[in-house]
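Take a look at the structure set out below.
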Amino acid sequence: VNFDLGEETDLLRKEVRDFIAQHVTPELLERVHRTGTWHDKEFALALGRRGWVAPGWSVEEGGEGRSWLEQLVIREEFDRVDAPVSGMSVTMLVANTIRKWGTPAIKAEILPKVVRGEIVMVLGYSEADSGSDVAAARTSAERRGEEWVINGEKMFTTHAQVADYVFLLARTSAEAPKRKSLTMFLVPMTAPGVDLAPVRTLGGERTNITTFTDVAVPDSQRVGDIDGAWAVLGSALEFERASTWAPALDRLVDAALHVSGTPAADGDGWDFTDPTSRGRIAHVVAEAEVSRLLALRAGWLASQGLSTLAEGPMAKLYSTEALTRCSADLLDLAGADGLRAAEPGDHTGAGILEHAYRHSQVTTIYGGTSEIQRSIIAERGLGLPRSRTA
Ligand SMILES: Cc1cc2nc3c(=O)[nH]c(=O)nc-3n(C[C@H](O)[C@H](O)[C@H](O)COP(=O)(O)OP(=O)(O)OC[C@H]3O[C@@H](n4cnc5c(N)ncnc54)[C@H](O)[C@@H]3O)c2cc1C
């Protein structure tokens, strides 16, 4: 097996690094960390102009027709420097789902704006009592003529504060079994009756509670069949679960090496003649490599039109748990310096370790918790019986 990604990929990597040098300024990173909003309008528009919001889409659709590997490289470079691409990544989860399930009218209205970086779409699945068991959602949509009237509350609607639309899971029938009575809607955040309240997380990321009070949306905003959300959600979740945190592990290594080259607050540096310290950083490099290879496998399967139902969760599960383990270990290795929060403008130092440790916790929760990923791997990968209720 040849793991060399080739000269063209190296050139692309350089192009992305040049773009980052120009657009991902210390001021931008400082603002993102201060507000907890990993999205920036100007940066998204610049990505759109460069063709990197949806690089895998065809040129006619506004993309660059990039291969899955090239898309992975672009994403890897942005993630490695913690560029604010999260809002656009979530938007792309919705956009790819609309591309598969939307009507021609909704595709024509939404997708060109996505590819230009002009709009943000967010996920409105989870509720206070239905996260892992997403099909237990209670937010309702009632048909009234050509409209639907939505009432309910969603928990953890990340990026809603900058969103144009929420991709909402709503119950449309009281009688049918729980998975056969849900429908997806693309609800404008400006619709009367939509409200939100901020929720700050341990990792500094802002998320939201969103409420829907008699929100009227036309039937044309429905995505997929009435009571057909389970099929739509299935592909949306498959896109979401095939994610990797390998670049965040690379960033940990970068930070550890940077810190090691800088005298510590008490005047001492890390002792790299000590085999234990060297070994602990080398261990993170190995964890990053395993995480990357799992992502490459899931990416290759998807590119062949094959299912990633078990391999996507493996990449997500392994890389998020590795990030949690490794950030804890390097924080410990950095000693007192590791507890220092990042200073404004310091995006390579010990503050990275402290932030990574806090942020890593949530990576094992969103997009499906580790327990749920394990359960899916057992069912889909090993053919074991379902552990969760249908
Ligand atoms: C920062 C953040 C951002 C988020 N952003 C979004 C977003 O933008 N949109 C959105 O819709 N959601 C979002 N979520 C919600 C996220 O998807 C859920 O938190 C997650 O699915 C877990 O659901 P829960 O919080 O209700 O926990 P629960 O489902 O109540 O789980 C509690 C615990 O029980 C375990 N558990 C539950 N069921 C099982 C089972 N069957 N087998 C074994 N163990 C089980 C879980 O693993 C967990 O440890 C976000 C969450 C966070 C924390």
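In listed order, ligands and their atoms are each counted from 1.
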Do any nitrogen or oxygen atoms of [X] come within less than 3.5 Å of a nitrogen or oxygen of ligand 1?
X      : value
Leu123 : yes
Gly124 : no
Thr158 : yes
Ser126 : yes

Among [options], whose heavy atom sits nearest [atom]?
atom                    : options                        : answer
atom 47 (O) of ligand 1 : Arg374, Glu371, Arg206         : Glu371
atom 38 (N) of ligand 1 : Ala136, Gly36, Ser132          : Ser132
atom 48 (C) of ligand 1 : Asp129, Asp133, Thr207, Thr369 : Thr369

Could you check whether [Y] and [X], counting side-chain N and O atoms only, form a donor-acceptor pair closer than 3.5 Å?
X      : Y      : value
Thr364 : Glu321 : no
Asp82  : His355 : no
Asp250 : Trp245 : no

Would you mind running through ligand 1 and noting each atom that sits below 4.0 Å from a heavy atom of Tyr125? 11 (O)

A student checking ligand 1 against Gly131 at a 4.0 Å heavy-atom cut-off should list atoms 21 (O), 23 (O), 24 (P), 26 (O)

So for Val122, does at least one of its heavy atoms come nearer than 4.0 angstrom to any atom of ligand 1? no

Are any of the side-chain nitrogens in [X] or [Y] under 4.0 Å away from the carboxylate oxygens of its partner?
X      : Y      : value
Asp332 : Arg280 : yes
Glu61  : Arg99  : yes
Glu354 : Arg358 : yes
Arg144 : Glu142 : yes

Part of Ile372 with heavy atoms under 4.0 Å of ligand 1, whether side chain, backbone, both or neither: side chain

Side chain, backbone, both or neither: which part of Thr201 has a heavy atom under 4.0 Å from ligand 1? side chain

Of all the heavy-atom pairs spanning Pro188 and Val217, show the shortest one and how long it is. CD-CG1, 4.1 Å

